[in-house]
Structure formats: structure tokens, C-alpha cells
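Note: hydrogens, waters and symmetry copies are ignored here, and every other heavy atom, side chains too, is used. If you're wondering where the values come from, they're calculated on a predicted model, not measured in any experiment. FYI, the numbering just counts along the sequence from 1.
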Amino acid sequence: MYQEIKQLRALTGQPFGVNLFMPHPPLADLSAVEVYRHQLAGEAAWYETPLGDPDAGGDDGYEAKVAILLEDPVPVVSFTFGCPGREVLDAFAAAGTFTVVTVTSAQEARDAQWAGAHAVCAQGVEAGGHRSTHRDDPQGGLTGTGLLTLVAEVRESVQLPVVAAGGLMRGSQIAAVLAAGAQAAQLGTAFLACPESGAHRLHKQALTNPLFVTTALTRAFSGRPARGLVNRFVREHGPYAPAAYPQVHQLTGGLRKAAARAGDAQGMALWAGQGHRMARELPAGELVELLVAEMDAACAAVSGRSTR
């Protein structure tokens, strides 16, 4: 992280943010992880690669990252999978850093406000990638609230600025969440197909490939609920994957890499939001300009109707 910040500062004087994963105590059922390991044995044989060690690499270096960011502050720090305590958020505020906590419910938003966050990012269930729930429910977690409803609930629950995220692919959708009370919109899947994106070539192609017609929330690749394109791996292993992050993530790491090397999108984690088929292969700058034009047109259309 420290090296990436240095590289970014050498490239631009514009503000930027750093996102941190909140650490969680180990809650995994180790026997369930072992069962899942046996289930994945056939995948390991097919891709001719060993399964990863579920107990390796569990430390994400959270405390060290916080120390670096307090010593050499950046403009924005956001948090995923939970909310830091007031002491940490107050320290970032004193350092001049704007803090954002990702939430998936009104209660999580209230917790973030109480802890001292400057803003919340409301992540609707439509979002691609990991669900940013503060606590993973081993008995569920594969459901959630849609973005427009979530924005409305959060707006009525806290006095913080709200960033809306989840399935946004067009400027008209940005206009909709702004009208619903959000101060900003955050898009992820919309930029995956851009040439600047670091996504794998097969991942980019799969977004609009008719072979991948839908998405689902699954624990198959990481042990936490995450939305991705439904492929063979998700269909075969999703129903049996335990609630065990990062153990499952470590276990499947080699398989995902081997599938990518083999050119097999059916074995890769193809994270994507529900609007993935609306992805456009444009340079990021052009896409931003187009989104702004679409948003302005949508706002103008609504304004015109309201005056007639």
C-alpha cells in the first residue's frame, strides 16, 4: 500500500482515496473448511495446481496500514467489512483525512455516524464484488436491500453525506440516486471493461458475453458473500461453500490463477454488478464524460416534465 501511494503521488496531484478492509476475528468452522477442501480436490486435479493453505496469509496488515496513513495522510480513507472505533476515526479527522464507511443497512449507517465517520457509502445488493456487511451471517448473507430503498433508509437514519453504490451503469441511474438523496454515486462494474482497468482480459469479455447471463451472491471463491457472474464454479460449489473468510479465499487462490492461465473463465471469480451487460468498452475519461452527459440529460428531462 505504501509503495502504491508513492507511485500514485508521482503521477497526479489530484485527491485520491485508500480503502481498508476491517479485520474480523476468526469465526470459521474449520471442519466445514476441510469438507470444502475435499470438494475442491477435483478442481485442483483439473487445473493441475495445489489448493492453497487456508491458514496462510490471514493478516491483512490493518494496524500497520492505519499507522502509515496517519503518519503520511491521504485525502480520503474508506473502510469495508466494518467500522473502526471512534479513536481511529478521530485520529484520521485530526490528520485532515476524510473518512467513509461502507454500509449495507440503516443500522450500520447509524453505527458509522456514532463512531465519527464523515460520510457513508450505501452499498445496494445490486453491487458487484463483496457485500460490505459489518458482520457476516453464516446462516444467510446472500440477500440484501436494493440501492434506492437503502439510500432512502440511510438518509432518514443519519445526518451524514451518502455515497450511493450498487449496479449503477448509466448517467440516468446516477441522477436517480442523487434525486433519492445521495450526495454522490460510486461506480465499479461500469469501469471494468475500460482499457485502464486492471481486470483480466477474460473478465472484461465475460461482462457482455451471452454465456454469462446473470449474477449471484456466492461464497464459492472467498467465503464471504460476493456478487459475480454465474459460471461453472459458482454453480457447482456455491451451494456448499462455508462462511469462512479468508480461509476459502486462500484455499481457492491457486485455482483462480490457474483458471486464468488456462483461459478458462468458468473457473475464475468474475465479480460484477447486476447491470454488467450494460458495460461499455470506452477509455475511462470518455466514459466519465458520457456518464455526466447522460446524467445532465436525465435531470433536464425531469425538470422539463415538472414545469409542464
Side-chain angles (χ1 to χ4, degrees), residues 4 21 24 26-61 80-81 127-131 136 138 141-142 188-189 191-274 276-277 279 281:
E4 289 179 351
F21 283 6
H24 281 265
L27 299 175
D29 180 345
L30 298 183
S31 62
V33 174
E34 187 61 23
V35 170
Y36 196 53
R37 176 202 285 272
H38 285 296
Q39 180 177 336
L40 295 178
E43 298 281 351
W46 174 258
Y47 290 115
E48 298 182 339
T49 189
L51 294 172
D53 181 356
D55 298 319
D59 183 5
D60 191 43
T80 298
F81 297 156
H130 284 90
R131 293 281 293 146
D136 186 14
L142 301 183
T189 303
F191 288 91
L192 277 181
C194 294
E196 297 90 344
S197 163
H200 192 280
R201 170 182 55 85
L202 294 175
H203 191 167
K204 294 182 179 185
Q205 293 172 350
L207 294 174
T208 54
N209 187 327
L211 287 176
F212 304 99
V213 297
T214 189
T215 65
L217 287 169
T218 181
R219 299 182 186 275
F221 294 104
S222 73
R224 278 193 72 108
R227 183 174 297 282
L229 301 177
V230 176
N231 58 7
R232 178 192 57 78
F233 198 100
V234 171
R235 287 192 297 270
E236 293 183 1
H237 303 295
Y240 312 104
Y245 177 87
Q247 288 87 352
V248 172
H249 174 72
Q250 301 298 333
L251 193 64
T252 65
L255 295 178
R256 289 178 272 127
K257 292 177 181 177
R261 288 195 301 269
D264 183 11
Q266 296 292 340
M268 297 169 59
L270 304 172
W271 303 139
Q274 287 183 342
H276 64 96
R277 295 193 66 81
E281 298 180 20

- Partner set under side-chain hydrogen bond (donor to acceptor under 3.5 Å, both in side chains) for Thr49, not counting sequence neighbours: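 Residues passing side-chain hydrogen bond (donor to acceptor under 3.5 Å, both in side chains) with Thr49: none at all.
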- Query: What residues, two or more places apart in sequence or in another chain, satisfy side-chain hydrogen bond (donor to acceptor under 3.5 Å, both in side chains) together with Ser222?
  - Reply: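 Scan of Ser222 (side-chain hydrogen bond (donor to acceptor under 3.5 Å, both in side chains), adjacent residues dropped) gives His130.
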Kindly give the heavy-atom pair with the smallest separation between [X] and [Y], and that separation in Å.
X      : Y      : result
Gly52  : Pro54  : O-CD, 3.3 Å
Ala41  : Leu51  : N-CD1, 4.4 Å
Gly267 : Asn231 : N-ND2, 4.1 Å
Ala216 : Val230 : CB-CG2, 3.6 Å

With sequence neighbours excluded, what pairs up with [X] under the salt bridge (charged side-chain N to carboxylate O under 4.0 Å, His left out) test?
X      : value
Arg131 : none
Arg232 : Glu43, Glu236
Glu34  : Arg37

- Item | Test ring-ring contact (aromatic ring centres under 6.0 Å, His included) applied to Phe233 - qualifying residues, sequence neighbours left out |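 Only Phe221, His237 meet the ring-ring contact (aromatic ring centres under 6.0 Å, His included) criterion with Phe233.
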- Task: Sequence neighbours left out, what passes ring-ring contact (aromatic ring centres under 6.0 Å, His included) with Phe21? Give chain and number order.
- Result: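 If we apply the ring-ring contact (aromatic ring centres under 6.0 Å, His included) test to Phe21, skipping adjacent residues, the hits are Phe81.
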- Item | His276 backbone acceptor or donor facing Thr189 side chain under 3.5 Å |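 A pair under 3.5 Å: no.
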- Item | Any donor-acceptor pair under 3.5 Å from Tyr36 side chain to Ala220 backbone |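 Pair found, side chain donor or acceptor close to backbone of Ala220.
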- Query: Do the side chains of Gln250 and Asp55 get nearer than 4.5 Å, heavy atoms only?
  - Reply: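 They are not in side-chain contact.
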- Message: A side-chain contact here means heavy atoms from C-beta on lying under 4.5 Å apart; do Pro225 and Thr218 qualify?
- Response: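 Result no, sub-4.5 Å side-chain heavy-atom pair not found.
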- Any salt bridge (Lys or Arg N to Asp or Glu O under 4.0 Å) involving residues 206-215? Give me the pairs, sequence neighbours left out, ordered by first then second residue.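 Residue pairs with at least one partner in residues 206-215: there are none.
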- Task: Could you list all the salt bridge (Lys or Arg N to Asp or Glu O under 4.0 Å) pairs where at least one residue sits in residues 244-272, not counting sequence neighbours?
- Result: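 As it turns out, there is no salt bridge (Lys or Arg N to Asp or Glu O under 4.0 Å) pair with a partner in residues 244-272 once direct neighbours are skipped.
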- Contacts of Ala244 that satisfy side-chain contact (heavy atoms from CB on, under 4.5 Å) - sequence neighbours left out: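 side-chain contact (heavy atoms from CB on, under 4.5 Å) list for Ala244, sorted by chain: Ala28, Val33, Pro242, Gln247, Val248.
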- Message: Among residues at least two apart in sequence or on other chains, which ones pass side-chain contact (heavy atoms from CB on, under 4.5 Å) with Glu48?
- Response: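 Listed in chain order: nothing, the list is empty.
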- Message: To the closest 0.5 Å, what do you measure between CD (Gln266) and CG (Leu202)?
- Response: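 So the gap between those two atoms works out to 10.5 Å.
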- Query: When rounded to the nearest 0.5 angstrom, what distance separates CG in Leu229 from CG in Leu207?
  - Reply: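 Taking CG in Leu229 and CG in Leu207, the distance rounds to 6.0 Å.
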- Which residue pairs pass the side-chain hydrogen bond (donor to acceptor under 3.5 Å, both in side chains) test when at least one of the two sits in residues 202-217, sequence neighbours left out?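 Applying side-chain hydrogen bond (donor to acceptor under 3.5 Å, both in side chains) to every pair that reaches into residues 202-217, excluding sequence neighbours, yields Thr215-Arg227.
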